[in-house]
Amino acid sequence: DIFNEFIPLAPNKVHNNQNSKNSVFNFYTHAVITCRDKWAYSYSYDTLSDNINICIDNYIKQKSRRAHDVDNRKFSCTRSLLVKLKKNIDIKYNSDSIVEAMYRPFVKKLLYYSNDFVEVLGQSQLLFPKKPTDNLVISISGTGVKNKFNVLMARNIVDFQCLDNTRCFPLYIYDVNKNKQIKNNQTAVFDDGIHENTRKDGISDYFANLVELKYKKRFEKTDIFYYIYGLLHSKAYQSIFSDDLRLQFPRIPLVKSIEDFIAFSDAGRHLASLHLNYEDIMPLNELKVTIDKEIYNVTKMHYRDTKKRDVIVYNEYITIENIPLATHDYIFRGKSVLNHIIDQYQIKIDKESGIILDPNEWCKYVDNPKYILNLVLSVITVSVKTMEIINSLPPITVDKDVDLR
């Protein structure tokens, strides 16, 4: 029952961007839902642009014919687009709508982020109103999901199924001038002018004041933000309150001592550094990479032995050996982060539309032929180091002398 005595993470009112009087955050939103991932996401800028233009061309044809027999091979018509079609509303392509997004844990894709092709935007435009925007979000699993609770920090727009039914809690909120006319009447989400955005804190004054009252010290809201991130990774917290976390959003205790508060905040900061900068993390010394020929394209990676999972056959020329078992303990949505990488970075063809999803195109986009190989090596390191930090977290001791181990 002690869970209900902790401070609610989320305000009572969804999308509230006023200063909360009873919760940790002033604001949260669900992540973006496209309902047409194969059209709206891609590893390639050119492919994504072509796919969206195919959709728009088909939409225009349907609109001119006053017919709604949509060809799913050239179009994905969901509720919002069908409403536009019936109302004879024009849709135009806007290159400014292409942005990077976190599609799955540590998997980036390009997203066509517009009101026309993202079915449910949430309020992500208040977190990332323009490119680039200085912001961080703590993403958590939604309620009513079968997998265990997960948490991940990001600096990009996040997909709804990056975790399970993902919700996003920001460090900052940007009040965008909604009266501004969008350039060329395009349906982009972003605001062009920095001066038209007013930044507010995601962490409430209410919770910051509770922290100060508790520890007799004023902490920066970034310190509090990282405290929450560290605490939500606690194995004890996730295990003891697993049933609660399936039914409601987390509630945050203030640990008994200032030393433990700082320990959780420091751990959260270290975890954030790993998770935000994952692409630049160096590989573990014990990993052995054998390259017979410098061809870095992937078709479909796999384990040499699915039981041991200590060797990845990257392609016919490259293998990665000595993968630590601890790598597989860092789990999202029921499988390890490394397995997510193996699953996402393979060539796939959608049977209905014929769209080819080729992760090798991302290597061209970032101008790094070794990107995928380096990513695999980095994610192994991130997984191992994340588990080391999680295993070193202190127990959660609260004022009622409850020791949560």
Side-chain angles (χ1 to χ4, degrees), residues 43 100-109 132 134 136 138-139 150-156 158 162 222 226 229-230 233 263 265-298 301-304 308-315 317-332 335-346 359-393:
Y43 290 109
E100 292 183 12
M102 188 65 74
Y103 184 65
R104 294 294 180 265
F106 307 104
V107 176
K108 288 180 186 175
K109 287 186 181 181
D134 175 25
L136 302 174
I138 295 175
S139 301
N150 280 134
V151 54
L152 183 65
M153 194 176 291
R155 57 163 60 95
N156 305 92
V158 181
C162 180
T222 50
Y226 291 122
Y229 196 55
H233 277 87
S265 183
D266 287 346
R269 195 180 296 273
H270 292 148
L271 287 166
S273 180
L274 278 173
H275 300 162
L276 295 171
N277 304 308
Y278 67 93
E279 293 164 305
D280 301 319
I281 302 296
M282 297 300 293
L284 297 171
N285 291 331
E286 61 261 39
L287 291 177
K288 178 184 176 183
V289 182
T290 303
I291 302 176
D292 294 330
K293 193 173 182 179
E294 292 195 12
I295 295 178
Y296 299 103
N297 279 13
V298 296
M301 293 178 276
H302 64 274
Y303 294 111
R304 180 175 289 169
K308 291 184 177 180
R309 297 175 297 169
D310 59 343
V311 179
I312 288 177
V313 178
Y314 179 85
N315 61 25
Y317 307 108
I318 300 173
T319 57
I320 304 167
E321 301 178 68
N322 298 338
I323 298 170
L325 284 177
T327 302
H328 307 291
D329 294 335
Y330 189 33
I331 294 173
F332 285 90
K335 62 183 180 182
S336 71
V337 170
L338 184 56
N339 283 355
H340 278 288
I341 299 298
I342 291 172
D343 176 63
Q344 290 296 318
Y345 287 89
Q346 62 173 295
N360 300 295
E361 294 294 327
W362 186 265
C363 299
K364 298 176 185 176
Y365 172 72
V366 296
D367 194 24
N368 181 4
K370 298 174 67 174
Y371 177 88
I372 299 174
L373 176 61
N374 290 342
L375 176 65
V376 174
L377 299 175
S378 296
V379 161
I380 292 170
T381 306
V382 168
S383 298
V384 171
K385 290 188 177 297
T386 294
M387 295 313 301
E388 288 176 355
I389 294 172
I390 290 174
N391 290 331
S392 70
L393 289 172

Undergrad: Using every non-hydrogen atom in the two residues, find where P105 and L152 come nearest and quote the distance to one decimal.
TA: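 P105 and L152 have their closest heavy atoms at CA-CD2, 4.0 Å.
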Undergrad: So how far is it from K335 NZ to I342 CD1, rounded to the nearest 0.5 Å?
TA: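 Reported value, rounded in 0.5 Å steps: 9.5 Å.
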Undergrad: Is the side chain of D329 donor-acceptor paired with the backbone N or O of M387 at a distance under 3.5 Å, no angle test?
TA: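 Absent.
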Undergrad: Does any N or O in the side chain of T381 come within less than 3.5 Å of the main-chain N or O of L284, such that one atom is a donor and the other an acceptor?
TA: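 The answer is yes, because a donor-acceptor pair under 3.5 Å joins these two groups.
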Undergrad: Would you check if D310 and H328 make a side-chain contact, meaning some heavy-atom pair closer than 4.5 Å?
TA: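 They are not in contact (no side-chain heavy atoms under 4.5 Å apart), so the answer is no.
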Undergrad: Does a side-chain heavy-atom distance below 4.5 Å link E100 with Y365?
TA: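 A side-chain contact under 4.5 Å exists here.
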Undergrad: Do L338 and V376 have side-chain heavy atoms sitting under 4.5 Å apart?
TA: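 Counting from C-beta outward, L338 and V376 do come under 4.5 Å.
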Undergrad: Any side-chain to backbone donor/acceptor pair from Y229 onto M153? Under 3.5 Å, distance only.
TA: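 Present.
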Undergrad: Could you walk me through whether Y317 and N297 pass side chain to side chain donor-acceptor pair (under 3.5 Å), step by step?
TA: CA-CA 10 Å; Y317 307 108; N297 279 13; over 6 Å; no
Undergrad: Strictly distance-based, threshold 3.5 Å: is any side-chain N or O of S273 a donor or acceptor partner for the main-chain N or O of R269?
TA: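 It does not hold such a pair.
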Undergrad: Would a 4.5 Å heavy-atom cut-off, applied to side chains only, mark V379 and Y330 as touching?
TA: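 No. Closest side-chain heavy atoms not under 4.5 Å.
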Undergrad: Is the side chain of Y278 donor-acceptor paired with the backbone N or O of S378 at a distance under 3.5 Å, no angle test?
TA: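 No, Y278 side chain to S378 backbone: no donor-acceptor pair under 3.5 Å.
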Undergrad: Measure the spacing between CD1 of I291 and CD1 of I320 and express it to the nearest 0.5 Å.
TA: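 Here the rounded value is 9.0 Å.
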Undergrad: Would V311 and Y303 count as a side-chain contact (heavy atoms from CB on, under 4.5 Å) if you check the C-alpha gap in whole Å, the side-chain angles of each, and the deciding distance to 0.1 Å?
TA: CA-CA 6 Å; V311 179; Y303 294 111; over 6 Å; no
Undergrad: List the atom of I372, the atom of C363, and the distance in Å for their closest heavy-atom pair.
TA: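 Taking every non-hydrogen atom into account, CG1-SG, 3.7 Å.
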Undergrad: Counting neighbours of CG on D367 that are heavy atoms of other residues, nucleotides or ligands and sit closer than 6.0 Å, is the number greater than 12?
TA: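 Open.
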Undergrad: If every non-hydrogen atom of N150 is compared with every non-hydrogen atom of I331, which pair is closest and at what distance?
TA: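 Closest approach of N150 to I331: ND2-O, 3.0 Å.
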Undergrad: Does the plane of the ring in Y371 sit parallel, tilted or perpendicular to the ring in Y345? Use 30° and 60° as the thresholds.
TA: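 Plane angle between 30° and 60°, so tilted.
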Undergrad: Supply the atom-to-atom distance S336 OG to R309 CZ, rounded to the nearest 0.5 angstrom.
TA: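 It comes to 6.5 Å.
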Undergrad: Determine the minimum heavy-atom distance between T327 and I323, stating which atoms define it.
TA: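 So the two residues come closest at OG1-CG2, 3.7 Å.
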Undergrad: Parallel, tilted or perpendicular: which fits the ring planes of F106 and H275, with parallel below 30° and perpendicular above 60°?
TA: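 Correct class here is perpendicular.
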Undergrad: Mark yes or no for whether H270, through its side chain, and I389, through its backbone, hold a donor-acceptor pair below 3.5 Å.
TA: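 Checked: no pair found.
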Undergrad: Are there more than 12 heavy atoms of other residues, nucleotides or ligands under 6.0 Å from atom NZ of K288?
TA: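 12 or below, so no.
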Undergrad: Side chain to side chain donor-acceptor pair (under 3.5 Å) for T386 and H233? Distances and angles first, verdict last.
TA: CA-CA 9 Å; T386 294; H233 277 87; over 6 Å; no
Undergrad: Does Y314 reach the side chain of T319, with side-chain heavy atoms less than 4.5 Å apart?
TA: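 Side chain of Y314 against side chain of T319, heavy atoms only: no contact under 4.5 Å found.
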Undergrad: For the CG atom of L276 and the CG atom of N156, what is their distance to the nearest 0.5 Å?
TA: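 One finds 9.0 Å between CG of L276 and CG of N156.
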Undergrad: Has N374 got a side-chain atom pairing as donor or acceptor with E279's backbone, closer than 3.5 angstrom?
TA: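 No; judged by distance alone, with no hydrogens or angles, the pair does not exist.
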Undergrad: Can you find a heavy atom in the side chain of W362 that is under 4.5 Å from one in the side chain of V107?
TA: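 No. Closest side-chain heavy atoms not under 4.5 Å.
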Undergrad: Treating H340 as the side-chain partner and F332 as the backbone partner, does any N or O pair qualify as donor plus acceptor under 3.5 Å?
TA: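 Such a contact is found between H340 side chain and F332 backbone.
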Undergrad: Within the structure provided, determine whether E286 and P324 are in side-chain contact (heavy-atom separation under 4.5 Å).
TA: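 E286 reaches P324 side chain to side chain.
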Undergrad: Does CG in N285 sit with more than 12 non-hydrogen atoms of other residues, nucleotides or ligands closer than 6.0 Å?
TA: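 No, CG of N285 has 12 or fewer neighbouring heavy atoms, counting only those of other groups under 6.0 Å.
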Undergrad: Quick check: closest heavy atoms across I318 and K293, and the distance to 0.1 Å?
TA: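 Shortest heavy-atom separation between I318 and K293 comes out as CG1-O, 4.2 Å.
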Undergrad: So how far is it from R104 CZ to I341 CD1, rounded to the nearest 0.5 Å?
TA: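 It is 11.5 Å, given to the nearest 0.5 Å.
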Undergrad: Output the distance between atom CG (L393) and atom CG (D266), rounded to the nearest 0.5 Å.
TA: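 If we round to the nearest 0.5 Å, L393:CG and D266:CG are 11.0 Å apart.
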Undergrad: Taking side chain as C-beta onward, heavy atoms only, is L136 less than 4.5 Å from Y226?
TA: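 Heavy-atom side-chain distance check passes, below 4.5 Å.
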